[in-house]
Amino acid sequence: MAIPKVWASAPVERSMRTTMVLASALLVLLGCDDAHPPATVDVAVHTEADPGIALAGVLVSAAGSPIGTSDASGALHAQLTGELGAMVPLTATCPEGHRDGRVRAEVTLRPLFDVSGAERGLDVTLSCPPSERQGVLVVRAGGDAPRAGLPVRIDGLEVAVTDSSGVAHVPIGMAPGGSFRVELATASVAPMLRPADPATSFTFSDQDDIFVFDQRFDEERPTPVVVRHGAHHDPPPPVEETHRPEEIRSAGGFR
């Protein structure tokens with residue numbers, strides 16, 4: 001004889017009600033609330049010195065607590081857990097030789113999905129630009145008529161001499177915004193060159209750079225000197241002629 005469904009379903013319904021009550025009690029004990037469920041989000045942090053240039057050794061913190069240091073590829077992966085929709089600040093502590101750039105970002109704890117509907121993590125980029133920029137000064141002296149042996153001075157200090165092709169290369173390191181003065185010292189070695197001791201100034205931007213000082217010269221021709229042989233004498237002044245009456249002396253009478 002078939003058993004009535006009402007007898008078969010009654011124990012099942014009582015079991016489901018018991019399970020729901022136990023689950024609700026467990027949520028209350030854990031302090032969870034249906035309005036603010038917890039969320040765990042994967043975060044991929046990328047640290048760089050300049051755009052596209054990875055930087056290792058950057059300490060990253062979430063809400064003030066360290067979560068790790070970026071590796072040689074400038075990457076750090078972490079999981080952040082908190083209330084769904086909460087804002088969590090990420091901050092970077094830059095290594096020695098680097099200064100603060102974009103070292104703070106806010107992330108929201110919520111699931112993200114790609115175009116296929118699959119859940120994906122968050123991507124954050126933090127930057128620590130170099131404290132000092134690197135550059136190369138290229139000096140070209142003479143243009144089509146290269147001038148060798150000209151001293152190159154930076155801020156008054158001799159740092160190089162132009163080679164046989166009239167060229168000199170000088171590496172320079174300086175903080176962004178720093179300026180320097182370049183001079184070609186011609187007066188002591190080639191005094192006939194014009195302009196004499198030409199100079200110019202350059203300023204570092206917030207990037208590595210190449211600075212070119214291309215100076216052409218004219219050569220002043222010496223003034224010809226006329227050499228005279230022998231001594232030069234002015235003509236004597238004219239002599240004044242004086243006329244005096246002749247004296248007639250008598251030596252006796254006439255005969």
Side-chain angles (χ1 to χ4, degrees), residues 26-138 154-155 157 159 169-180 202-212:
L26 182 60
L27 289 174
V28 172
L29 290 173
L30 293 176
C32 296
D33 191 338
D34 290 341
H36 301 284
T40 299
V41 177
D42 291 327
V43 178
V45 181
H46 307 279
T47 58
E48 58 186 20
D50 283 322
I53 301 177
L55 178 63
V58 179
L59 175 64
V60 181
S61 300
S65 299
I67 59 175
T69 302
S70 60
D71 60 19
S73 64
L76 169 66
H77 297 274
Q79 285 188 329
L80 302 181
T81 300
E83 289 187 355
L84 183 64
M87 299 289 292
V88 178
L90 294 181
T91 55
T93 302
C94 298
E96 184 178 357
H98 295 264
R99 55 193 165 84
D100 290 352
R102 183 176 184 265
V103 294
R104 183 179 176 88
E106 298 280 346
V107 298
T108 304
L109 299 183
R110 65 167 182 265
L112 296 177
F113 303 92
D114 59 21
V115 293
S116 67
E119 188 172 350
R120 65 177 180 85
L122 297 171
D123 288 307
V124 177
T125 299
L126 302 174
S127 63
C128 295
S131 300
E132 183 178 273
R133 290 299 184 178
Q134 302 301 315
V136 175
L137 169 66
V138 179
I154 294 181
D155 294 335
L157 179 65
V159 294
H169 297 85
V170 183
I172 303 174
M174 192 168 291
S179 299
F180 60 97
F202 297 99
T203 300
F204 266 93
S205 60
D206 199 0
Q207 63 181 13
D208 297 339
D209 211 342
I210 297 176
F211 307 95
V212 179

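By the 4.5 Å heavy-atom criterion applied to side chains, Thr125 and Glu48 are counted as neighbours. Under the 4.5 Å side-chain criterion, counting only non-hydrogen atoms from C-beta, His46 is in contact with Asp123. In this structure, the side chains of Val138 and Ile210 come closer than 4.5 Å at one or more pairs of heavy atoms. Side-chain atoms of Leu122 and Leu112, non-hydrogen and from C-beta on, do get closer than 4.5 Å to each other. Looking at Val60 and Thr91, their side chains never come closer than 4.5 Å, going by heavy atoms from C-beta outward. Side-chain contact between Leu90 and Val107 is present, with heavy atoms from C-beta onward closer than 4.5 Å. Counting heavy atoms from C-beta on, the side chains of Val170 and Val136 never come closer than 4.5 Å. Side-chain contact check for Leu84 versus Leu109: every heavy-atom pair is 4.5 Å or farther apart.
Although no hydrogens or angles enter the test, the distance criterion places a donor-acceptor pair under 3.5 Å between the side chain of Thr47 and the main chain of Leu55. In this structure a side-chain-to-backbone donor-acceptor pair under 3.5 Å is present from Arg99 to Pro130. Side-chain atoms of Thr108 never come within 3.5 Å of backbone atoms of Met87 as a donor-acceptor pair (strictly under, hydrogens ignored). Looking only at distances, a side-chain donor or acceptor of Ser70 sits under 3.5 Å from a matching main-chain atom of Val58.
Ring planes of Phe180 and Phe204: tilted class, angle from 30 to 60°.
The distance from the OG atom of Ser131 to the NE2 atom of His98 is 7.0 Å, given to the nearest 0.5 Å. How far CG of Asp50 is from CD1 of Ile53: 4.5 Å, rounded to the nearest 0.5 Å.
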Residue pair Asp209, Arg133: steps toward the salt bridge (Lys or Arg N to Asp or Glu O under 4.0 Å) verdict: CA-CA 8 Å; Asp209 211 342; Arg133 290 299 184 178; over 6 Å; no

May I have the step-by-step check of side-chain contact (heavy atoms from CB on, under 4.5 Å) for Leu76 and Asp71, ending in yes or no? CA-CA 7 Å; Leu76 169 66; Asp71 60 19; over 6 Å; no

Is there a side-chain contact (heavy atoms from CB on, under 4.5 Å) between Ile172 and Phe202? Walk through the geometry before answering. CA-CA 11 Å; Ile172 303 174; Phe202 297 99; over 6 Å; no

Evaluate the criterion side-chain contact (heavy atoms from CB on, under 4.5 Å) for residue pair Cys94 and Val103; output intermediate values, then yes/no. CA-CA 8 Å; Cys94 298; Val103 294; 3.7 Å; yes

Candidate pair Gln79 and Asp42, rule side-chain hydrogen bond (donor to acceptor under 3.5 Å, both in side chains), full reasoning: CA-CA 5 Å; Gln79 285 188 329; Asp42 291 327; 2.9 Å; yes

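Closest non-hydrogen pair, Ile67 versus Ala78, comes out as CD1-CB, 4.0 Å. In plain terms, the two heavy atoms of Ala105 and Leu126 that are nearest each other are CB-CD2, 4.1 Å. The minimum heavy-atom distance between Pro95 and Ala56, with the atom names listed, is CG-O, 4.0 Å.
Environment of CZ in Arg110: sparse, with no more than 12 heavy atoms of neighbouring residues, nucleotides or ligands closer than 6.0 Å.
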